[in-house]
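Worth knowing before you read on, the calculation uses all heavy atoms, side chains too, and leaves out hydrogens, waters and symmetry mates. Residue numbers begin at 1 in each chain, while the letters A, B, ... track the order of the sequences.
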Amino acid sequence: MNYTSTINIPQFREDLITWFEKEQRSLPWRENRDPYRVWVSEIMLQQTKVDTVIPYFKNFIDHFPTLSALANANEQEVLKAWEGLGYYSRARNLQTAVKEVVEQYDAKVPDDPRQLGDLKGVGPYTKGAILSIAYGIPEPAVDGNVMRVLSRILRIEEDIAKPKTRKTFEAAVRDLISSENPSAFNQGLMELGALICTPKSPSCLLCPVQEHCTAFRDGVEQSLPIKKKKTKQSVHTYFALVVEDDTGKFILEQRPNQGLLAQLWQFPMVKPVEVGEHYIAAYVEEKFDVKVSDMQKLETVKHVFSHLTWFLEVRYIRVKGTLHAADKNMVLVTKEEMTPYPLPVSHQNIYKQLP
DNA sequence: AAAGCGGGGTT
DNA sequence: AACCCAGCTTT
């Protein structure tokens, strides 16, 4: 006995695929089945809405139209194309993996599940998505949408926050998937989750597979999927120092190459516990060997991440003399020269306040 | 198994 | 304010 033993599998496949072929949205990564384009789109779509991804995908493909173009690009340029999209390790991992494909697999995206899954940034979902969509191979591609849709259709009440639960859904997809059209089947499940079987108030009356849905039959679709709540997030306050000298140069610093916002650039940040409000000027004078001529408050920037919140108390500081890079991760640039530097959204919001 | 990792939208 | 999202990597 398993979750899929109670539904009419051939009918379910047909209903889902027929609906998908008719109702699917027209999206830039659906223009063809180029494995590279499928790959880029799937990485961008991780934890990210379709509407957000569309302009980034177009711009990215314009800049890096092929595997080789991306492999040969410099990392700064790649991060700049990812600026504002979030989860920046996706971009660095993608380029790492693309270089590997060019070198090890003669610039052809592998269709072998093990080779594909070993690439940096390609996990179980992305592997299955590329195999099924680009190569027509019947592999499961289980994401949040698929877990929501199938938890309702099959009334699976396991906690989808647990890593182990994904395997339950992969087993169900292996039972259900169409070997004739695995691409439309997998995309159909996801499209259904995006358009009909939504997290809140699903449109069950419009659902093409309503007659197969156990949760709808039992009237429990609103309480699925089961997901235990996450831990609360912490709050961090910093001073963000916008330091400008007489020649119109500002200090930017690059974040470490690991951790939050790795390798992105920012206005220097210091903890208030380390540098009290009254000591900001003295700190800047000592750190950069200059004299502060003026300091004013700009608007505090609040930025909410998935797991923590920043409050950036912004100080605009004019100094006499010429700034120099106090550390080797710092650069001196004019406002115009900041353009090539990838900034996180919080610091873009500081940039917008510059005089 | 749990935690870290962005940002935007919905309710 | 809480919850959601076309997840993966590191610990």
Side-chain angles (χ1 to χ4, degrees), chain A residues 20 24-25 27-30 38-57 79 82-94 96-97 116-130 132-133 140-149 159-167 169-170 183 186-195 197-202 222 224-225 227-236 255-264 266 301-310 342-349:
Chain A
F20 175 72
Q24 64 171 298
R25 292 165 290 181
L27 299 171
W29 48 89
R30 287 178 175 165
V38 173
W39 186 3
V40 171
S41 72
E42 292 300 342
I43 298 296
M44 286 188 170
L45 286 163
Q46 290 169 7
Q47 307 296 78
T48 311
K49 298 279 193 186
V50 163
D51 289 343
T52 303
V53 167
I54 289 173
Y56 281 93
F57 178 81
L79 282 173
W82 212 271
E83 181 186 65
L85 197 53
Y87 286 135
Y88 299 94
S89 66
R90 293 184 294 176
R92 293 182 288 115
N93 289 342
L94 174 61
T96 299
L116 193 55
D118 282 343
L119 295 171
K120 202 79 171 165
V122 179
Y125 164 74
T126 306
K127 176 178 66 174
I130 294 172
S132 61
I133 297 172
V142 173
D143 66 355
N145 272 328
V146 171
M147 287 198 282
R148 184 175 60 256
V149 169
D159 180 3
I160 67 167
K162 291 188 178 303
K164 194 179 65 174
T165 303
R166 196 195 73 248
K167 296 180 181 300
F169 287 91
E170 287 178 347
S183 171
N186 278 343
Q187 291 191 78
L189 283 180
M190 293 187 273
E191 197 81 341
L192 192 63
L195 300 181
C197 195
T198 48
K200 313 275 185 187
S201 309
Q222 298 273 7
L224 288 170
K227 187 173 188 178
K228 104 177 182 298
K229 44 192 177 291
K230 316 183 286 193
T231 58
K232 75 296 173 216
Q233 59 177 28
S234 52
V235 175
H236 297 264
R255 296 179 61 84
N257 57 15
Q258 288 203 337
L260 183 67
L261 302 169
Q263 291 176 251
L264 270 70
Q266 64 185 15
V301 170
K302 178 188 181 184
H303 193 81
V304 179
F305 298 88
S306 55
H307 56 305
L308 56 89
T309 299
W310 275 1
L343 305 182
V345 167
S346 49
H347 284 258
Q348 292 176 40
N349 288 333

How close or far is atom P of B:dG7 from atom CD of A:Glu83, stated in whole angstroms?
10 Å
B:dC5 P sits how many Å from A:Leu94 CG, rounded?
21 Å
Have a look at A:Ser89 and say if it touches a base, only the backbone sugar-phosphate, or nothing, with a 4.0 Å heavy-atom cut-off.
nothing
May I ask you to say what A:Arg255 touches in the nucleic acid, namely base, sugar-phosphate or nothing, with a heavy-atom cut-off under 4.0 Å?
nothing
How long is the line joining NE2 of A:His303 and P of B:dG9, in whole Å?
12 Å
For atom CD1 of A:Ile43 and atom P of C:dC5, their distance in whole Å:
19 Å
Using a heavy-atom cut-off of 4.0 Å across all strands, would you classify A:Gly259 as base, sugar-phosphate, or nothing?
sugar-phosphate
How close or far is atom P of B:dG6 from atom CH2 of A:Trp82, stated in whole angstroms?
12 Å
Within this structure, what is the CG-to-P distance between A:Asn349 and B:dG6, rounded to whole angstrom?
16 Å
Once you apply a heavy-atom cut-off of 4.0 Å, does A:Val122 come out as touching a base, just sugar-phosphate, or nothing?
sugar-phosphate
Taking atom types as they are modelled, is there a donor-acceptor pair under 3.5 Å from the base of B:dG6 to the side chain of A:Thr48?
yes
Calculate the interatomic distance between A:His307 atom NE2 and C:dT10 atom C1'; express it in whole Å.
13 Å
